[in-house]
Amino acid sequence: MSSETSAAVISSAFTAAPYPDSKKPIGSIRFQPLPLSPSYCKVSSRICAMAKPNDSETLSLSVDTSLSPRVKSLKPSKTMVITDLASTLVQSGVPVIRLAAGEPDFDTPQIVAEAGINAIRDGFTRYSLNAGITELREAICRKLEEENGLSYAPDQILVSNGAKQSLLQAVLAVCSPGDEVIIPAPYWVSYTEQARLADATPVIIPTKISDNFLLDPKDLESKLTEKSRLLILCSPSNPTGSVYPKSLLEEIARIVAKHPKLMVLSDEIYEHIIYAPATHTSFASLPNMYERTLTVNGFSKAFAMTGWRLGYLAGPKHIVAACSKLQGQVSSGASSIAQKAGVAALGLGKAGGETVAEMVKAYRERRDFLVKNFREMEGVKISEPQGAFYLFIDFSAYYGSEAEGFGLIKDSSSLALYFLDKFQVAMVPGDAFGDDTCIRISYATSLDVLRAAVVKIKKALEPLRATVSV
């Protein structure tokens, strides 16, 4: 792929309309109808001749292929767009360093993979119970009791095709049109869109890098109204890696307790990827929060099982039952094979045992390397992450700069495009997460790759310093 073609593809991905049709261009690409063979046209014309009522009636008929307003209002996931684009460029021969995807670079632990393979060999390949196999739900109950201090019965657990499905079903189950969903920013890209799918209104509360991107209880209190239905918390956080200390969660819980209608959706998918002395606290374990909290977790991140698609919801029985009803009409139960692998994953020991501890050790080493290097860069601000495998870096001092052969860098999208187009480093612009001052870097890749990325990022920033004051 030539550099000109590469640039055109990159630009189109950053500016593409999410719902193309044959009349709408994406960048320089236009969708065209496929040519039809002469033989097909002959057959088709005969069929049309038999079915055609008369010319005047035909002219008055027009097929409505429009999309629903609900779907049209959704924004595409910029994380997925950039990840897919980077993969396409690599397949085309462009040596892109991929720091966009939130996916562990480790293989699924062997004992977990073997459990899935054995399920296939043993013929455990049929539909499972819609809520999940009993063996897995019982294992999840034990995990929640032993690690989180939460007591649930199997009928309070719903196993789904990934934590994303668990989150969406929870939002759809408790939110009504006009309800408000409170979301601290920076936030994971799907929270706002899932709220909109429920015809609810996302209410964004910005946080500060100087506060480690943690929600200020006073800001929360000021945003709550009689319409507030759901508060979404993510700790450890995607995209910032911030971890909420127990004392702060207790303050938030006291505010939540004043609002009878308000529930909490606690996304704990990065629970085991945490760096001491930080510790994880499940929101449902706090006083008076058990009945208000829907806890979502899964296997993708800690156990390197992204492709297995396995997550779960724990919460009040009637809400879990409602989510199960939704799931029964959408996808039915999760893969029987993946569920057997999930049982094996939970059998690795507390917090995933030594297997997960080794992965976390590697993530911490990578984090320390990046934090040290970015702190040495002029004009760059960072908050040291306490969990997950992301850095959310403030590059806004470089906005307003001019890059030769590229143009004006005015925001996180144009800066991310500059890094990708000119230096072949793929990262996700912060505007996707509700904070345009930053760019998210995933360090779920090897130290060698990260070293190469740091060299390229430093090189990319050098010519920009001459055009702005940093």
Side-chain angles (χ1 to χ4, degrees), residues 144 148-152 156 158 163 166-188 190-208 211-238 240 242-269 271 280-297 313-323 326 434:
L144 290 169
N148 307 92
L150 297 170
S151 179
Y152 290 102
Q156 292 178 278
L158 176 62
S166 301
L167 289 162
L168 174 60
Q169 290 171 171
V171 173
L172 291 173
V174 302
C175 290
S176 301
D179 282 346
E180 293 178 346
V181 178
I182 313 301
I183 306 171
Y187 48 74
W188 180 54
S190 292
Y191 294 149
T192 53
E193 304 314 299
Q194 290 183 349
R196 291 187 179 102
L197 274 174
D199 290 328
T201 302
V203 176
I204 309 304
I205 304 180
T207 62
K208 302 173 184 176
D211 293 332
N212 296 316
F213 297 113
L214 296 172
L215 176 62
D216 186 326
K218 293 178 182 176
D219 291 338
L220 171 62
E221 197 157 26
S222 71
K223 290 289 186 179
L224 294 178
T225 71
E226 69 280 357
K227 294 181 180 180
S228 302
R229 177 57 174 157
L230 195 63
L231 167 64
I232 301 181
L233 295 174
C234 181
S235 179
S237 166
N238 176 7
T240 67
S242 300
V243 174
Y244 278 80
K246 185 176 181 179
S247 58
L248 179 53
L249 290 177
E250 288 172 337
E251 283 188 67
I252 292 170
R254 284 193 286 271
I255 293 169
V256 170
K258 299 176 186 177
H259 298 265
K261 184 181 176 181
L262 185 61
M263 299 195 69
V264 176
L265 182 55
S266 184
D267 183 351
E268 302 181 10
I269 190 68
E271 169 191 16
H280 175 73
T281 300
S282 285
F283 197 83
S285 69
L286 300 175
N288 304 314
M289 291 298 112
Y290 180 85
E291 290 296 332
R292 288 177 175 263
T293 305
L294 302 169
T295 301
V296 170
N297 210 323
L313 169 72
K317 183 178 177 180
H318 72 288
I319 295 178
V320 171
C323 293
L326 270 171

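The figures that follow rest on heavy atoms only: side chains count, while hydrogens, waters and symmetry mates do not.
The only option from P206, P186, P184 that meets the side-chain contact (heavy atoms from CB on, under 4.5 Å) definition with F213 turns out to be P186. Checking T281, T295, N148 one by one against E271, the side-chain hydrogen bond (donor to acceptor under 3.5 Å, both in side chains) holds for a single residue, N148.
Contact detail for I204 and K223: the closest heavy-atom pair is O-CE, 4.3 Å. L262 and L230 make their closest contact through CD1-N, 3.6 Å (heavy atoms, listed as atom of the first residue, atom of the second, distance). Closest of all the heavy-atom pairs between R292 and P260 is NH2-CA, 3.8 Å.
Evaluation of the side-chain contact (heavy atoms from CB on, under 4.5 Å) rule for S235 yields V243, Y244 as partners, not counting sequence neighbours. In this structure K261 satisfies the side chain to side chain donor-acceptor pair (under 3.5 Å) test together with D179, sequence neighbours excluded. Take Q194 and apply the side chain to side chain donor-acceptor pair (under 3.5 Å) test, not counting sequence neighbours, and it matches no residue. Among residues two or more places apart in sequence or in another chain, the salt bridge (charged side-chain N to carboxylate O under 4.0 Å, His left out) test is passed with E221 by K258.
Applying the salt bridge (Lys or Arg N to Asp or Glu O under 4.0 Å) rule to pairs touching residues 227-236 yields nothing, sequence neighbours excluded.
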Could you list the donor-acceptor pairs under 3.5 angstrom formed by side chains in residues 167-178, with sequence neighbours left out?
unit_1	atom_1	unit_2	atom_2	d
Q169	OE1	Q165	NE2	2.8
Q169	NE2	Q327	OE1	3.2

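Of the possible polar contacts, one joining the Y290 side chain to the S151 backbone as a donor-acceptor pair under 3.5 Å is found.
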